[in-house]
Amino acid sequence: MLVKDLMSKDVAAVSPDTSIEEVARMMKEMNIGSVPVCNSGRVVGIVTDRDIVIRELAMGKNPVATKVEDVMTYGISTASPNMDIHDAAQLMSDKQIRRLPVVENEKLVGMIAIGDMAVRSKLEDDAGEALSDISKPAHTIY
């Protein structure tokens, strides 16, 4: 099974100059915890609800004045639509991440999450193993 078989295709994205307030509102309305950050369609990072809390609110910053580029995670891992789902699960486990933007020809085409693997596939073992590894103390979570 390939990533394209399980990925979400209708993915919201924001630009680096989007305000934190706007991203937080989007996350609430769409019931999501992370949003890829794109510049001209290319993924340049990701912003999570945790980024907003830890890097923004806990630091006493103003979410109206702060831009996504000030709190987002740069240099993120991505998957390709034709990546084997086992490889994507291994990458998530190795990097201790829960979600991967899916990129094709340098453009965002979807998002794959551990939950997608566990719920919509027969790969509960891979997803469970990755979740177990991700639950260990981590240096990066997105």
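Atoms considered below: every heavy atom in the structure, side chains included; atoms not considered: hydrogens, waters and symmetry mates. One-based numbering along the sequence shown.
Here L2 pairs with K4, D5, N82 under the side chain to side chain contact (heavy atoms under 4.5 Å, CB included) rule; sequence neighbours left out. Among residues two or more places apart in sequence or in another chain, the side chain to side chain donor-acceptor pair (under 3.5 Å) test is passed with D84 by H86. With sequence neighbours left out, the side chain to side chain donor-acceptor pair (under 3.5 Å) criterion links N31 to no other residue.
By the criterion of side-chain heavy atoms lying less than 4.5 angstrom apart, applied directly or through intervening Ile, Leu, Val, Met, Phe, Trp or Tyr residues, V23 is grouped together with Y74 in one hydrophobic cluster.
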Checklist line | Chi angles and distances behind the side chain to side chain contact (heavy atoms under 4.5 Å, CB included) call for M1, L6 | finding: CA-CA 8 Å; M1 187 171 292; L6 297 178; 3.8 Å; yes
Margin query: Using the rule given for side chain to side chain contact (heavy atoms under 4.5 Å, CB included), can you reason through V35 versus M26, listing the C-alpha separation, both sets of side-chain angles and the distance that settles it, and then say yes or no?
Written below: CA-CA 9 Å; V35 180; M26 177 189 296; 4.2 Å; yes
Check: Would S34 and M111 satisfy side chain to side chain contact (heavy atoms under 4.5 Å, CB included), going step by step from the backbone distance to the final call?
Finding: CA-CA 10 Å; S34 69; M111 187 78 101; 4.1 Å; yes
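For the atom pair CZ of R42 and CG of N39, the computed distance is 9.0 Å after rounding to the nearest 0.5 Å. Atom CG in L108 sits 13.5 Å away from atom NZ in K9 (nearest 0.5 Å). Going from atom NZ of K28 over to atom CG of D49 covers 14.0 Å, rounded to the nearest 0.5 Å. In this structure, NZ on K67 lies 11.0 Å from CD on E56, to the nearest 0.5 angstrom. M83 CE to I112 CD1: the interatomic distance, rounded to the nearest 0.5 Å, is 10.5 Å. Distance CZ/R99 to OG/S8: 11.0 Å, rounded to 0.5 Å.
At least one side-chain heavy atom of C38 sits under 4.5 Å from a side-chain heavy atom of V43. Considering only heavy atoms from C-beta on, E69 stays 4.5 Å or farther from V44 through its side chain. A 4.5 Å side-chain heavy-atom check between V109 and M7 finds at least one atom pair inside the cut-off. Using a 4.5 Å heavy-atom threshold, the side chains of S80 and V3 count as separate. In this structure the side chain of T48 never reaches within 4.5 angstrom of the side chain of T73, judged on heavy atoms.
If you run salt bridge (Lys or Arg N to Asp or Glu O under 4.0 Å) between R25 and each of E22, E29, E21, only E21 comes through. The one candidate from V68, I20, T66 that meets the side-chain contact (heavy atoms from CB on, under 4.5 Å) condition with I52 is I20.
Between the R55 side chain and the M72 main chain, a donor and an acceptor come within less than 3.5 Å of each other. When atom types are taken as modelled, the side chain of N62 and the backbone of V64 share a donor-acceptor pair closer than 3.5 angstrom.
Residues I46 and P101 come closest through the heavy atom pair CD1-CG, 4.5 Å. A pairwise comparison of heavy atoms in S77 and I97 identifies CB-CD1, 4.3 Å as the closest pair. Scanning all heavy atoms of the two residues, the minimum distance from S15 to V37 falls at C-CG1, 3.9 Å.
Remark: D10 CG is loosely packed, at most 12 non-hydrogen atoms of other residues, nucleotides or ligands lying under 6.0 Å away.
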